Amino acid sequence: MTSTNEPNTHGTAVVVGTGVGGVRTALGLREQGFGGRIVLLGAESQLPYDRPPLSKQFLSGEWDAERLSLLTESEAREAGVELRTGTAARGLDVHGRRVLLDDGQSLAYDHCVIATGCRARPSPWQVESGLHLIRELSDSLALRADLSAGGPVVIVGGGFIGMEAAATAVLLGLPVTVVDPDPMPLARSVGPEIAGLLTDIHTRHGVVTRFGVGVEDVRGRRGDLQVRLADGTVLQAATVVVGIGVLPNIEWLAGSGLHVADGVACDEYGRAVGAEGVHAVGDVARWRGPEDPDARRTEHWTNAVDQSAVVAHNIVHPDRPGRQDALPYVWSDQYDHKVQVVGRPAGAADCKVLDGPDGPRRRVAALYSDGAGALAGVTAVNWPRVTVLARKLLARGADIGAAVDEVHALAPPR
């Protein structure tokens with residue numbers, strides 16, 4: 001009889017989704033010693049690729065598609081992973097343990113990992129041409145072609161994707177206007193202090209911001225688009241980019257019995273609620289934290305990487321499952337500024353802003369405290385040493401006063 005403490009290394013694992021979460025889970029299973037069959041399914045026909053550069057280096061033309069690669073065919077063969085691109089899942093039979101495919105076939109599984117990610121929230125406005133979303137490689141290619149034709153650009157949505165696209169378009173020499181109904185849209189991610197700093201950086205680069213006003217309509221075609229705002233203003237554009245959030249790809253799970261409101265609900269081990277043998281990782285997954293009873297989705301690359309490592313371990317070692325204990329981490333590149341966010345600064349009770357050793361506003365750290373005076377999160381701009389320190393401070397539960405003192409020690413006041 002097999003000991004219950006022995007690793008689970010047999011059977012078939014079907015990983016649905018070829019983004020970073022799916023690829024890392026498939027490879028992680030092999031690294032953990034899983035010796036069974038691993039099938040990696042992707043709806044897109046392209047080989048697995050990385051998404052963060054789609055609004056930055058790839059969009060600008062600095063990188064080619066080869067630099068985006070997450071997994072080549074030869075690497076998949078070497079790892080013993082059956083890579084099936086252009087194969088979409090259309091359903092999940094949790095009782096029969098089968099993934100139903102859009103070609104009418106199905107795959108039996110012992111372990112299923114849902115890593116289908118998110119898609120861009122559709123534009124409420126439809127025009128003949130010239131309006132773009134940024135989520136897939138084909139999106140970025142089409143936008144890059146239109147940007148190369150020149151002309152003014154209007155970006156609807158002032159979150160990370162929108163502002164990264166704005167910076168890229170400016171560096172290509174194009175006039176850019178960013179519109180968002182929120183008076184300070186980046187504050188949702190980095191807090192108002194750093195949001196104001198970043199907005200100033202964009203303004204100095206020539207970006208026009210129309211924050212606090214929404215878009216009512218977009219009309220025309222590529223090269224001659226009209227964006228009508230709620231205050232009656234009409235902006236002329238050659239190209240319009242819409243970045244108004246994402247939606248989790250969960251429609252294919254309808255009728256499966258899984259809890260999929262705003263993503264696949266999981267426990268703290270990544271196990272999907274309501275189905276044995278099913279896990280979920282990445283943007284599509286709502287994990288419950290060990291000290292956070294509210295399951296939530298975290299839409300970022302590092303979260304998908306962290307969760308895939310945990311799930312790969314937990315599939316192979318179900319009797320000693322691990323939790324995701326990495327701190328939330330987000331980064332964004334805008335012009336020559338790298339913004340790094342550790343912890344959860346959004347909604348903090350207080351904030352301390354500290355300048356780096358080379359003067360104000362070049363290297364900046366914002367330290368956020370919760371209502372009890374503990375450090376809740378840190379945002380660092382062009383200051384990686386603070387990011388490293390922030391991880392240590394948050395891990396030990398430092399209070400805001402001690403955190404400020406330690407950051408000051410990195411950059412003594414002049």
Side-chain angles (χ1 to χ4, degrees), residues 19 42-46 49 51 54-56 58-60 86 88 90 102 116-170 172 174-182 185 188 207-254 260 262-263 283-284 297 299:
E44 292 183 67
S45 58
Q46 291 91 351
Y49 61 88
R51 297 185 190 277
L54 295 181
S55 58
K56 296 171 284 191
F58 182 77
L59 180 60
S60 70
R90 65 172 179 84
D102 61 355
T116 44
C118 289
R119 64 189 181 279
R121 187 180 295 275
S123 167
W125 316 283
Q126 303 302 317
V127 298
E128 179 181 322
S129 60
L131 187 148
H132 299 267
L133 308 175
I134 307 176
R135 188 64 185 181
E136 298 183 354
L137 180 64
S138 58
D139 297 331
S140 190
L141 281 169
L143 175 57
R144 187 164 75 176
D146 275 3
L147 294 180
S148 69
V153 179
V154 171
I155 295 175
V156 183
F160 277 152
I161 292 294
M163 300 311 280
E164 288 172 357
T168 300
V170 165
L172 292 173
L174 305 177
V176 177
T177 301
V178 181
V179 183
D180 196 293
D182 193 315
R188 296 188 295 261
V207 173
V208 176
T209 57
R210 292 299 311 273
F211 294 161
V213 60
V215 173
E216 287 199 345
D217 195 17
V218 181
R219 296 185 180 182
R221 64 180 65 182
R222 198 273 166 251
D224 184 23
L225 291 159
Q226 297 83 45
V227 181
R228 182 161 55 86
L229 307 186
D231 64 2
T233 304
V234 176
L235 305 176
Q236 294 295 133
T239 303
V240 172
V241 181
V242 177
I244 54 175
V246 298
L247 299 172
N249 291 318
I250 54 175
E251 289 74 14
W252 68 283
L253 296 167
V260 294
D262 190 39
D283 291 0
V284 75
R297 288 192 306 110
E299 299 165 5

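On a predicted model such as this, the values are computed, not experimentally measured, just so you know.
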Qualifying residues under side chain to side chain donor-acceptor pair (under 3.5 Å), relative to [X], sequence neighbours excluded:
{"X": "Q126", "answer": "none"}
{"X": "D139", "answer": "none"}
{"X": "D283", "answer": "R135"}
{"X": "Q236", "answer": "none"}

Go through the steps for D102 and W252 under the test side-chain contact (heavy atoms from CB on, under 4.5 Å), then give the verdict.
CA-CA 10 Å; D102 61 355; W252 68 283; over 6 Å; no
When you compare the side chain of [Y] with that of [X], does any pair of heavy atoms fall below 4.5 Å?
{"X": "W125", "Y": "V227", "answer": "no"}
{"X": "R222", "Y": "T239", "answer": "yes"}
{"X": "S55", "Y": "L143", "answer": "no"}
{"X": "L131", "Y": "V242", "answer": "yes"}
{"X": "V218", "Y": "S123", "answer": "no"}

Reported [atom1]-to-[atom2] distance for the pair [X] and [Y], which is rounded to 0.5 angstrom:
{"X": "R228", "Y": "L235", "atom1": "CZ", "atom2": "CG", "answer": "11.5 Å"}
{"X": "R221", "Y": "Q226", "atom1": "CZ", "atom2": "CD", "answer": "11.0 Å"}
{"X": "L172", "Y": "L59", "atom1": "CG", "atom2": "CG", "answer": "7.0 Å"}
{"X": "L54", "Y": "K56", "atom1": "CG", "atom2": "NZ", "answer": "9.5 Å"}
{"X": "D231", "Y": "T233", "atom1": "CG", "atom2": "OG1", "answer": "3.5 Å"}
{"X": "I244", "Y": "D180", "atom1": "CD1", "atom2": "CG", "answer": "10.0 Å"}

Quick test of your reading of the model: are R121 and E299 salt-bridged, counting only N-O distances below 4.0 Å?
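Salt bridge between R121 and E299, a charged N being under 4.0 Å from a carboxylate O: no.
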Within the distance-only criterion (no hydrogens, no angle test), does the side chain of E136 pair as donor or acceptor with the backbone N or O of I134 below 3.5 angstrom?
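Side chain of E136 to backbone of I134, a donor-acceptor pair under 3.5 Å: no, none is there.
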So does D262 get a backbone contact from the side chain of R297, meaning a donor-acceptor N/O pair under 3.5 Å?
yes
Might you point out which heavy atoms bring [X] and [Y] nearest each other, and give the distance in Å?
{"X": "P122", "Y": "L133", "answer": "CA-CD1, 4.4 Å"}
{"X": "A88", "Y": "A43", "answer": "CB-CB, 3.8 Å"}
{"X": "V213", "Y": "A230", "answer": "CG2-N, 3.9 Å"}
{"X": "C118", "Y": "P248", "answer": "SG-CA, 3.6 Å"}

Would you please test V284 and I250 for side-chain contact (heavy atoms from CB on, under 4.5 Å) and show each step?
CA-CA 7 Å; V284 75; I250 54 175; 3.7 Å; yes
State which residues pass salt bridge (charged side-chain N to carboxylate O under 4.0 Å, His left out) with D182; sequence neighbours excluded, sorted by chain then number.
R188
Listing, residues 144-160 side-chain donor-acceptor contacts under 3.5 Å, not counting sequence neighbours, or none:
from : atom 1 : to   : atom 2 : distance (Å)
R144 : NH1    : F58  : O      : 2.7
D146 : OD2    : H132 : NE2    : 2.7
S148 : OG     : A145 : O      : 2.5

